[in-house]
A.B. asks: 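Mind looking over this structure? Questions follow.
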Amino acid sequence: MDWNAMAAPWLALEAETDVKHAPVRHELMQRANLRAGQHVLDIGPGAGITLLDAATAVGPQGRVTGIEIAPPFADRARERSPETVDVIVADAQDHDFEPASFDAAISLFGVMFFRDSVAAFRNMRPALKPGGAMYFACWGPPARNPYFTMPAQIAAEVLGPGVAFDPTGPGPMRFGDADMLADLLETAGWVAEIETMDLHLTPAGTPADVAEALMRIGAAAMRMKQAKDEGTLTEAQRHAIFDGTKGWLEEMESDGEVRIPACVHFVRARA
């Protein structure tokens, strides 16, 4: 994996992503209810916004450790984090965690990309103290998450279908099936409760601003890259995808704010 290439567009849109995910992040942190003095593990913190939330919650006497597989994300997370935060570059699937070293674990959209989900969840479980819990947010069914499906559909209408993806393989939609996720966590040794919630993503800016961001990250961006690599992408096609995405987002605009329906699983898993 070329982590620099993968992380670059997301880092360029860091502020936009933080704003877009804010409603989900707030729900996650409310459920985790982190307390002063705790030691917290953040799984796949990306550019680090949840590290800041956790550090604020546990205060100066607490400690937050982020485990991030992509070095560019880890570097950025360190830059923006206080001294009470450590960020290590490692794969949580096989990292040698110190047993019983964390009071709680959190993750905002960071657990869907492991090569082997059961192995990863099983590996992380002993890192929590007895009675500790892991709280994470992951995307629900694709049909209830148009932020992913609509750009893909618009791009396919212009460019034709892209490479089919495995909905159960590593990727954002991996845990859309809550029953499958519950079974997976049970197999890995966790006792899990899953609450599925409909809410709205709130990306900053106009429909045109959000459409431009979706030309750089996400399903449409991936489909355009495929066409570009094949030497078939034209500027007219890019404009058509942008216009179609902008038009869809205009339908999502209310009182000057773009509000995109979303479905998220909030998980509480006891070690």
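Side chains are part of it too, since the values below use all heavy atoms of this structure and drop only hydrogens, waters and symmetry mates. Fair warning: this is a prediction, and the values are worked out from it, not measured in the lab. Counting begins at 1 with the first residue of the sequence.
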A.B. asks: Which value, rounded to the nearest 0.5 Å, describes the distance between Leu181 atom CG and Thr196 atom OG1?
C.D. replies: 9.0 Å
A.B. asks: Hey, could you give me the CD1/NE2 distance between Ile67 and His95, rounded to the nearest 0.5 Å?
C.D. replies: 4.5 Å
A.B. asks: Which distance, rounded to the nearest 0.5 Å, do you find between the CE of Met150 and the CG of Asn145?
C.D. replies: 13.5 Å
A.B. asks: Might you point out which heavy atoms bring Val258 and Pro203 nearest each other, and give the distance in Å?
C.D. replies: O-CD, 3.6 Å
A.B. asks: Same cluster or not: are Ile49 and Val19 linked, directly or through other Ile, Leu, Val, Met, Phe, Trp or Tyr residues, by side-chain heavy atoms under 4.5 angstrom apart?
C.D. replies: no
A.B. asks: Taking the basic N atoms (NZ, or NE/NH1/NH2) and the acidic carboxylate oxygens, is any pair closer than 4.0 Å for Arg80 and Asp18?
C.D. replies: yes
A.B. asks: Check whether Val191 and Val267 end up in the same hydrophobic cluster, where Ile, Leu, Val, Met, Phe, Trp and Tyr are linked by side-chain heavy atoms less than 4.5 Å apart.
C.D. replies: no
A.B. asks: I need the minimum non-hydrogen distance between Pro151 and Ala220, along with the two atoms involved.
C.D. replies: O-CB, 3.7 Å
A.B. asks: Atom CD in Gln30, atom CG in Asp53: separation rounded to 0.5 Å?
C.D. replies: 12.5 Å
A.B. asks: Using a 6.0 Å cut-off, check whether atom CD of Glu79 has over 12 heavy atoms from anything other than its own residue.
C.D. replies: yes
A.B. asks: Given side chains that start at C-beta, do those of Pro261 and Asp198 come closer than 4.5 Å, heavy atoms only?
C.D. replies: no
A.B. asks: Assess the residue pair Ser117 and Arg174 against the criterion (side chain to side chain donor-acceptor pair (under 3.5 Å)); give the C-alpha distance rounded to whole Å, side-chain angles, the decisive distance to 0.1 Å, and a yes or no.
C.D. replies: CA-CA 10 Å; Ser117 296; Arg174 187 180 207 171; 3.3 Å; yes
A.B. asks: How close do Leu233 and Met224 get, counting heavy atoms only, and between which atoms?
C.D. replies: CD2-O, 3.7 Å
A.B. asks: With hydrophobic residues grouped by side-chain heavy-atom distances under 4.5 Å, do Leu199 and Val210 end up in a single group?
C.D. replies: yes
A.B. asks: What is the minimum heavy-atom distance between Ala92 and Phe97, and which atoms define it?
C.D. replies: O-CE1, 3.7 Å
A.B. asks: What are the two closest heavy atoms between Ala74 and Glu68, and how far apart are they?
C.D. replies: N-CG, 3.8 Å
A.B. asks: Using ring-ring contact (aromatic ring centres under 6.0 Å, His included) as the criterion, list what pairs up with Phe175, not counting sequence neighbours.
C.D. replies: none
A.B. asks: Count I, L, V, M, F, W, Y as connected when their side-chain heavy atoms are under 4.5 Å apart, and connections chain through other members. Are Leu52 and Val64 then in the same cluster?
C.D. replies: no
A.B. asks: Among residues at least two apart in sequence or on other chains, which ones pass salt bridge (charged side-chain N to carboxylate O under 4.0 Å, His left out) with Asp229?
C.D. replies: Lys225
A.B. asks: What pairs meet the salt bridge (charged side-chain N to carboxylate O under 4.0 Å, His left out) rule with one or both residues in residues 104-116, with sequence neighbours excluded?
C.D. replies: Asp91-Arg115, Asp94-Arg115
A.B. asks: Going by heavy atoms in the side chains, are Ile194 and His265 under 4.5 Å from each other?
C.D. replies: yes
A.B. asks: According to a hydrophobic-cluster definition based on side-chain heavy atoms being under 4.5 Å apart (Ile, Leu, Val, Met, Phe, Trp, Tyr only), do Met6 and Met222 belong together?
C.D. replies: no
A.B. asks: Under 3.5 Å, is there a donor-acceptor pair between the side chain of Arg78 and the main chain of Val87?
C.D. replies: yes
A.B. asks: For atom CD of Glu186, decide whether the heavy atoms of other residues, nucleotides or ligands shown that lie under 6.0 angstrom number more than 12.
C.D. replies: no
A.B. asks: Could you pull out the closest heavy-atom pair between Arg216 and Ala221, with the gap in Å?
C.D. replies: C-CB, 3.5 Å
A.B. asks: Here's one to test your reading of the geometry: is the NZ or CZ of Arg31 within 45 degrees of the ring axis of Tyr135 and under 6.0 Å from its centre?
C.D. replies: no
A.B. asks: For residues 240-253, which side-chain donor-acceptor pairs fall under 3.5 Å, sequence neighbours excluded?
C.D. replies:
| from | atom 1 | to | atom 2 | distance (Å) |
| --- | --- | --- | --- | --- |
| Thr245 | OG1 | Ile241 | O | 2.8 |
| Lys246 | NZ | Glu250 | OE2 | 2.7 |

A.B. asks: Is there a donor-acceptor contact under 3.5 Å from the side chain of Trp10 to the main chain of Ile217?
C.D. replies: no
A.B. asks: Going by ring-ring contact (aromatic ring centres under 6.0 Å, His included), name the pairs with one or both residues in residues 199-229, residues two or more places apart or in two chains.
C.D. replies: none
A.B. asks: Under 3.5 Å, sequence neighbours excluded: what are the donor-acceptor pairs made by side chains of residues 101-114?
C.D. replies:
| from | atom 1 | to | atom 2 | distance (Å) |
| --- | --- | --- | --- | --- |
| Ser101 | OG | Glu98 | O | 2.7 |
| Asp103 | OD1 | Lys129 | NZ | 3.1 |
| Asp103 | OD2 | His39 | N | 2.7 |
| Ser107 | OG | Ile43 | O | 2.7 |
| Ser107 | OG | Gly110 | N | 3.2 |

